[in-house]
Amino acid sequence: MTVDVHELQQAAATRDAADPLREYRSLFHGADDPASDVVSYLDGNSLGRPTIAATEAITAAVAQWSGRLIRGWDEQWMELPLTIGDRIGSVVLGAAAGQTTVGDSTTVLLYKLARGALAMRPGRTEIVLDTDNFPTDRYVLEGVANELGLDLRWITVDPASGVELDAAREAITERTALVVLSHVAYRSGYLADAEAITRVAHDAGALVLWDLCHSVGSVPIELDSWNVDFAVGCTYKYLNGGPGSPAFAYVAAEHLDVFRQPIQGWMGRRDPFEMGPGYVPAEGIRRVVSGTPAILGMVAMQSTIDLIERAGIGAVREKSVLLTEYLIDLTGELLPGVRIASPVGAERRGGHITLDHPAFRDVTQRLWARGVIPDFRAPQGLRLGPSPLSTSFAEALVGVRAIAEELGR
Ligand SMILES: Cc1ncc(COP(=O)(O)O)c(C=O)c1O
Ligand SMILES: Nc1c(O)cccc1C(=O)C[C@H](N)C(=O)O
């Protein structure tokens with residue numbers, strides 16, 4: 001196949017020049033760094049790049065630790081999970097203050113919120129989830145169902161698609177206690193209609209718990225106006241919190257009085273430093289906390305939250321759509337024989353796409369060796385997750401051209 005490489009590069013440069021967010025790229029470590037061995041990073045939905053401001057923030061946090069020592073807890077750290085939670089809530093979740101906290105991993109928060117939610121629907125016997133939800137969601141819910149003697153009602157989905165409204169409507173009944181789904185599917189990138197599915201669940205008297213790992217910081221979210229009950233999500237993807245940075249949990253204000261989570265640690269108790277007898281949950285969202293929160297892990301994400309606030313999540317989503325559309329177009333042009341295993345229409349497409357080809361397991365290894373970093377997802381998916389604030393169109397082109405070369409196209 002003859003492709004005019006120069007023309008492709010010119011077209012990518014034109015896109016970059018027209019990108020209203022182009023200046024954000026220079027705020028990240030590694031992007032356009034000649035010393036970096038990475039020439040195309042397309043895995044922002046597994047682990048975002050660090051911001052340059054994160055280095056300063058981490059250094060400042062260590063200085064605070066060193067200077068303030070144990071006094072840091074009274075002065076700032078006790079409140080930090082809630083203050084950062086409120087920032088995440090207002091900038092990227094559409095959540096009013098007092099409903100979001102940061103701490104634990106997504107996996108642990110899924111457990112805590114699912115158990116708390118299920119206790120609010122006694123007598124109901126089913127949890128609704130889907131067959132292609134992220135493994136941790138499936139495993140946690142399998143464990144919870146075992147513990148409580150509940151049934152799992154699986155929505156079977158095509159891995160190239162996701163949970164459609166009609167399928168949700170069919171699965172959710174008067175037996176459903178809780179619906180646990182991903183807003184953006186980790187494999188296909190399918191963007192679920194969270195608002196409509198939440199409405200269907202509520203009409204049946206059920207509660208919803210949304211996993212926002214692949215949508216937060218990439219797709220606009222309006223938890224309060226969608227009437228979502230519970231949500232969790234990662235902060236190390238599009239919020240650039242760093243490897244293992246703590247997750248967030250959202251509990252709608254209307255549930256906070258009755259919500260009780262199962263890991264009754266001292267940090268979520270009313271007046272923890274009284275160290276009194278018996279567990280009494282703290283007021284408000286603090287009751288989601290269990291043990292001492294990972295303060296240093298919360299530091300880096302704050303600069304990205306600031307950047308998203310400055311850029312506007314609407315502009316972030318616009319660029320994200322253009323990037324995935326560009327990747328889809330390049331696939332058609334440069335990768336004949338490769339199937340797009342993701343929604344092609346922007347309306348149901350989140351921030352990443354998956355390509356499907358039997359050679360991709362080996363191809364991914366060769367790509368990583370040459371500094372082109374997508375993700376491989378079994379059995380034969382190559383996942384491309386550009387980060388709107390740090391990925392350029394030129395970088396995306398370098399990645400797809402390398403895939404073409406490794407496939408011998
Ligand atoms: C949709 C989804 N849910 C949950 C997780 C798991 O989160 P963690 O390993 O941080 O608990 C991930 C990513 O790892 C994910 O993509
Ligand atoms: N959390 C991860 C990790 O600790 C190691 C490697 C990858 C990850 C991921 O985030 C995987 C990602 N959630 C996925 O959708 O596949």
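Order of appearance sets the numbers: ligands from 1, and atoms from 1 within every ligand.
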(request) Note the single closest protein heavy atom to atom 8 (C) of ligand 2, along with its residue, its atom name and the distance in Å. (result) S46 OG, 4.3 Å
Does the pair [X]/[Y] count as a salt bridge with the N-to-O cut at 4.0 Å?
| X | Y | answer |
| --- | --- | --- |
| R286 | E79 | yes |
| E174 | R124 | no |
| R25 | D16 | no |
| R370 | E405 | yes |
| D74 | R71 | no |

(request) With heavy atoms of Y236 as the reference, note each atom of ligand 2 found under 4.0 Å away. (result) 1 (N), 10 (O)
(message) Among all the protein's heavy atoms, is there at least one whose distance to atom 6 (C) of ligand 2 comes out below 4.0 Å?
(response) no
(request) Indicate whether atom 3 (C) of ligand 2 is within a distance of less than 4.0 angstrom of some protein heavy atom. (result) no
(message) Between T324 and R349, is there a side-chain donor-acceptor contact under 3.5 Å, judged purely by atom types and distance?
(response) yes
(request) Taking atom types as modelled, find out whether S188 and S161 have a side-chain donor-acceptor pair closer than 3.5 angstrom. (result) no
If you look at each N/O of ligand 1, which protein N/O atoms lie under 3.5 Å away, and at what distance?
unit_1, atom_1, unit_2, atom_2, d
ligand 1, 3 (N), D137, OD1, 3.3
ligand 1, 3 (N), D211, OD2, 2.6
ligand 1, 7 (O), Y236, OH, 3.4
ligand 1, 10 (O), Y236, OH, 2.7
ligand 1, 11 (O), T106, N, 3.4
ligand 1, 11 (O), T107, N, 2.9
ligand 1, 11 (O), T107, OG1, 2.5
ligand 1, 14 (O), Y236, OH, 3.2
ligand 1, 16 (O), H214, NE2, 2.8

(message) Any atom of ligand 2 sitting under 4.0 Å from a heavy atom of H214?
(response) yes
(message) Measuring from atom 14 (C) of ligand 2, which candidate in H352, R187, R383 has the nearest non-hydrogen atom?
(response) R383
(request) Nearest 0.5 Å please: distance from the CG atom of D229 over to the CE atom of M120. (result) 7.0 Å
(request) Flag the pair M301 / V102 as yes when at least one side-chain heavy-atom distance between them is below 4.5 Å, and no otherwise. (result) yes
